[in-house]
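Each remark here refers to the structure printed beneath this line.
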Amino acid sequence: MLSTSVLPGNRHLRSSFLPAVFEFAASQNLRRAAGAWRVQKFAVTLTVSASGEKSKMTSRKGTGIAIVWFRNDLRISDNEALLKAWQSSQAVVPLYVVDPRLYGQTYHFGFPKTGELRAQFIMESVANLRDNLRQRGLDLIVRQGKPEDVVPSIAKSIGAHTVYAHKETCSEETTVETGVKRGLANLEGGPKMQIRLDFVWGGTLYHLDDLPFSPSELPDVYTQFRKGVEYNCKVRPALKMPTQMGPLPESLSEKIGELGDIPTMAELGLKYREQSPLGVMHFEGGETAALARLQDYFWNKDQLKIYKETRNGMLGANYSTKFSPWLAHGCLSPRTIHDEVKRYETERVANDSTYWVLFELIWRDYFRFVSIKYGNAIFHLGGPRKVVGKRWSQNRELFEAWREGRTGYPLIDANMKELAATGFMSNRGRQIVCSFLVRDLGLDWRMGGEWFETCLLDYDPCSNYGNWTYGAGVGNDPREDRYFSIPKQSATYDPEGEYVAHWLPSLKQSPPKQRNFPGDAYLRPIVPLKFGMGSGGKPNYSRAGYKGKNVGKVGKR
């Protein structure tokens, strides 16, 4: 097991940690005019800058050198940290730090914290960022080490006046922010060496500063949150970025040496691994690939108009947008998607499907803001609701069968094999395998959450653990007994068994209607289902234990 001292501000500790954003909001409880509450200071200084009409301003009046510390914002478009650095300086120095702690182990169960496929996706994204910066007259410094050490060192070497970055909300990330601030403050050189750390908010569809409630007053039910922001807020337009942002400072190489190579998998302690060709599509990291996917899905293939009807699919490239890996690493911003949806509605059609893409982005926002309100509780067994009294098993034999796709239920096994082979799983699949783990196997939901943390291309702590607490009945969900019946889900979403046969080739020989419950032609189930199975282990669709059509979420598209 990983020592609690290895990761900064470890989010699994049962301390009273609350992120810097919430600490300020809770202490000040600021409320202003309807539709806005203003952030003025944080434990880590956070400058929340307005965009709106100001997004059109691309004048440059600054002096000196500014650093952009890229984190989970690996893009140029709609990047306020980059824009502010350019506006406030004569020269911008982009920096990316590969933190080795992100390639260690998960806290409770010792899985790889970042699996091979996501690590490759991230490094592809960094390489693409460097290429795109070069097209705008800049370049990217790449260093391996702790940001708390690297960022102040680079800032001192080049004489920067400010470091700009996007704000994060979870404890490991905010503790790094505090460390960077402390490192900058402790630089030798007296008052003349004071270097500012300026954070901006840029990872959500709705801006933190525009919410109609403070994070401490965030509704505990998604629908209330959604209605609150939809009725009281406007989405700010994506920022317009200058076409040229160079040159780099003179004599940069003399001050810092080489710009630095992007690490190989071996240098990260991992092995290179291809995504399986059986996957729904090949995911390539980077802003260029993200914008190409947006163009292809919305405009070339014209899939946006039927998104709501197809979004619960499990097989194929275009049943859903597949934007989530790029959103998770900031290769694509939610506001860019929003602007394209609105353009599509103007130029082609506005319907339930165009709205539903935004509906899903609001879910993503919600979990980000939940992480501010509840801090480390989203990582704890009892979740934000501090549920006690539930008995959770950590039976490794059952868990390994789930993880490796050997449960004896083809729908579960096919989804788990897809996850391991590609780093992706459909939204529907995530809900089903989560329900099976916590309801049918009775396992500690954190085991599933940490395995998803390892595997998912689109992992981010807020969405992943927010969704797992939700699915386990310890999060922001008014229903604790949410259950996904495998017979019902199979009959509805894979009636001919095409999906399970795709990932479990031995089932191709079975009749389509029997592929999800092939009997002796497949593995013996490791446990009986709590609902939906009749005598003889055959599915009973009339008693499927299915509770309503709105069956919750354990993943984002």
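Values in this document were obtained by computation on a predicted structure and should not be read as measured data.
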Report task. May I ask you to check whether over 12 heavy atoms, not counting those of E400, lie within 6.0 Å of atom CD? Result -> yes

Report task. Work out which heavy atom in N415 is nearest to a heavy atom in S426; give both atom names and the distance. Result -> OD1-OG, 4.2 Å

Requested in this report: Search all heavy atoms of E404 against all heavy atoms of K417 and return the closest pair with its distance.
Outcome: O-NZ, 3.2 Å

Query raised in the report: Which atom names give the shortest non-hydrogen contact between S463 and R364, and what distance separates them?
Result: OG-CG, 4.0 Å

Query raised in the report: Within a strict 4.5 Å, meaning less than it, do heavy atoms of the Y307 and D352 side chains meet?
Result: no

**Report entry** Counterpart residues, side-chain contact (heavy atoms from CB on, under 4.5 Å), relative to Q514 (two or more places apart)
**Finding:** P511

Query raised in the report: Is it true that F298 and F323 have ring centroids separated by less than 6.0 Å?
Result: yes

**Report entry** All side-chain hydrogen bond (donor to acceptor under 3.5 Å, both in side chains) counterparts of Q224, not counting sequence neighbours
**Finding:** none

Report task. Check the pair K227 / E230 against salt bridge (Lys or Arg N to Asp or Glu O under 4.0 Å), numbers first and verdict last. Result -> CA-CA 5 Å; K227 290 179 178 179; E230 286 181 334; over 6 Å; no

Query - For Y522, ring pair (Phe, Tyr, Trp, His ring centres under 6.0 Å) partners two or more places apart - result: none

Query raised in the report: So Y465 and F379, would you call those rings parallel, tilted or perpendicular, with 30° and 60° as cut-offs?
Result: perpendicular

Report task. Check A290 against W326 and note the closest heavy-atom contact, atom names and distance. Result -> CB-CG, 3.4 Å

Query raised in the report: Can you name the residues that form a side-chain hydrogen bond (donor to acceptor under 3.5 Å, both in side chains) with E498, not counting sequence neighbours?
Result: none

Report task. May I ask you to decide if I432's main-chain N or O and Q489's side chain share a donor-acceptor pair within less than 3.5 Å? Result -> no

Requested in this report: Decide side-chain hydrogen bond (donor to acceptor under 3.5 Å, both in side chains) for N464 and D460; before the verdict, give the C-alpha distance in whole Å, the side-chain angles of both, and the deciding distance to 0.1 Å.
Outcome: CA-CA 6 Å; N464 184 61; D460 80 75; over 6 Å; no

**Report entry** Shortest non-hydrogen separation from D440 to K530 and the atoms involved
**Finding:** OD1-N, 3.0 Å

Report task. Apply side-chain contact (heavy atoms from CB on, under 4.5 Å) to K386 and list each qualifying residue two or more places apart in sequence or on a separate chain. Result -> none

**Report entry** Test item: R368 side-chain N/O and S371 main-chain N/O as donor-acceptor pair under 3.5 Å
**Finding:** no

Report summary line: Applying side-chain hydrogen bond (donor to acceptor under 3.5 Å, both in side chains) to E418 and not counting sequence neighbours gives Y499

Query - Partners meeting salt bridge (charged side-chain N to carboxylate O under 4.0 Å, His left out) with D365 (sequence neighbours left out) - result: none

Query raised in the report: What class does the angle between the rings of F111 and W451 fall in, given that below 30° is parallel, 30 to 60° is tilted and above 60° is perpendicular?
Result: perpendicular

Query raised in the report: Under 3.5 Å, is there a donor-acceptor pair between the side chain of T354 and the main chain of N351?
Result: yes

Report task. Scan side-chain atoms only and decide if Y374 and D220 contain a donor-acceptor pair under the 3.5 Å cut-off. Result -> yes

Query raised in the report: Hey, is the main chain of G313 close enough, under 3.5 Å, to the side chain of R428 for a donor-acceptor pair?
Result: no

Query raised in the report: Does the pair K113 and E450 meet the rule for a salt bridge (Lys or Arg N to Asp or Glu O under 4.0 Å), with working shown?
Result: CA-CA 8 Å; K113 196 169 178 63; E450 288 194 11; over 6 Å; no

**Report entry** Side-chain donor-acceptor contact under 3.5 Å, E309 with S353
**Finding:** yes

Please list every donor-acceptor pair under 3.5 Å in which a side-chain atom of residues 269-282 meets a protein atom from a residue at least two apart or in another chain.
unit_1 : atom_1 : unit_2 : atom_2 : d
Y272   : OH     : E274   : OE2    : 2.9
R273   : NH1    : A420   : O      : 3.0
R273   : NH2    : A420   : O      : 3.3
Q275   : OE1    : F283   : N      : 3.0
Q275   : NE2    : F283   : O      : 2.7
S276   : OG     : L278   : N      : 3.1

Query raised in the report: Taking E345 for the side chain and A350 for the main chain, is one N or O donor matched with an acceptor at less than 3.5 Å?
Result: no

Query raised in the report: Could you walk me through whether V126 and L140 pass the side-chain contact (heavy atoms from CB on, under 4.5 Å) check?
Result: CA-CA 9 Å; V126 175; L140 183 66; 3.7 Å; yes

**Report entry** Side-chain H-bond candidate by donor/acceptor type, D444 with Q394, under 3.5 Å
**Finding:** yes

Report task. Give a yes or no answer on whether the side chain of Q303 reaches the backbone of K301 with a donor-acceptor pair at less than 3.5 Å. Result -> yes

**Report entry** Shortest non-hydrogen contact from P147 toward R101
**Finding:** CD-NH2, 3.6 Å

**Report entry** N/O donor-acceptor pair under 3.5 Å between N516 side chain and D494 backbone
**Finding:** yes

Query raised in the report: What class does the angle between the rings of F225 and Y222 fall in, given that below 30° is parallel, 30 to 60° is tilted and above 60° is perpendicular?
Result: tilted

Query raised in the report: So, Q295 and N300: side-chain donor and acceptor under 3.5 Å apart, yes or no?
Result: yes

Query raised in the report: Do S333 and T336 have a side chain donor and acceptor closer than 3.5 Å?
Result: yes

**Report entry** Whether Y409 and F517 hold their rings parallel, tilted or perpendicular, with breakpoints at 30° and 60°
**Finding:** perpendicular

Query raised in the report: For Y319, is the NZ or CZ atom of K322 found under 6.0 angstrom from the centre of its six-membered ring and inside 45 degrees of the ring axis?
Result: yes

Query - Check: F531 ring centroid to Y483 ring centroid under 6.0 Å - result: yes

Report summary line: Sequence neighbours excluded, the answer for side-chain contact (heavy atoms from CB on, under 4.5 Å) partners of P112 is T454

Query - ring pair (Phe, Tyr, Trp, His ring centres under 6.0 Å) against Y297, all qualifying residues, sequence neighbours excluded - result: none

**Report entry** Results of side-chain contact (heavy atoms from CB on, under 4.5 Å) for T264 - residues two or more places apart only
**Finding:** A266, E267

**Report entry** By side-chain hydrogen bond (donor to acceptor under 3.5 Å, both in side chains) - contacts of R293 (at least two apart)
**Finding:** N318

Report task. Check the pair D73 / H166 against side-chain hydrogen bond (donor to acceptor under 3.5 Å, both in side chains), numbers first and verdict last. Result -> CA-CA 7 Å; D73 58 336; H166 277 103; 2.7 Å; yes

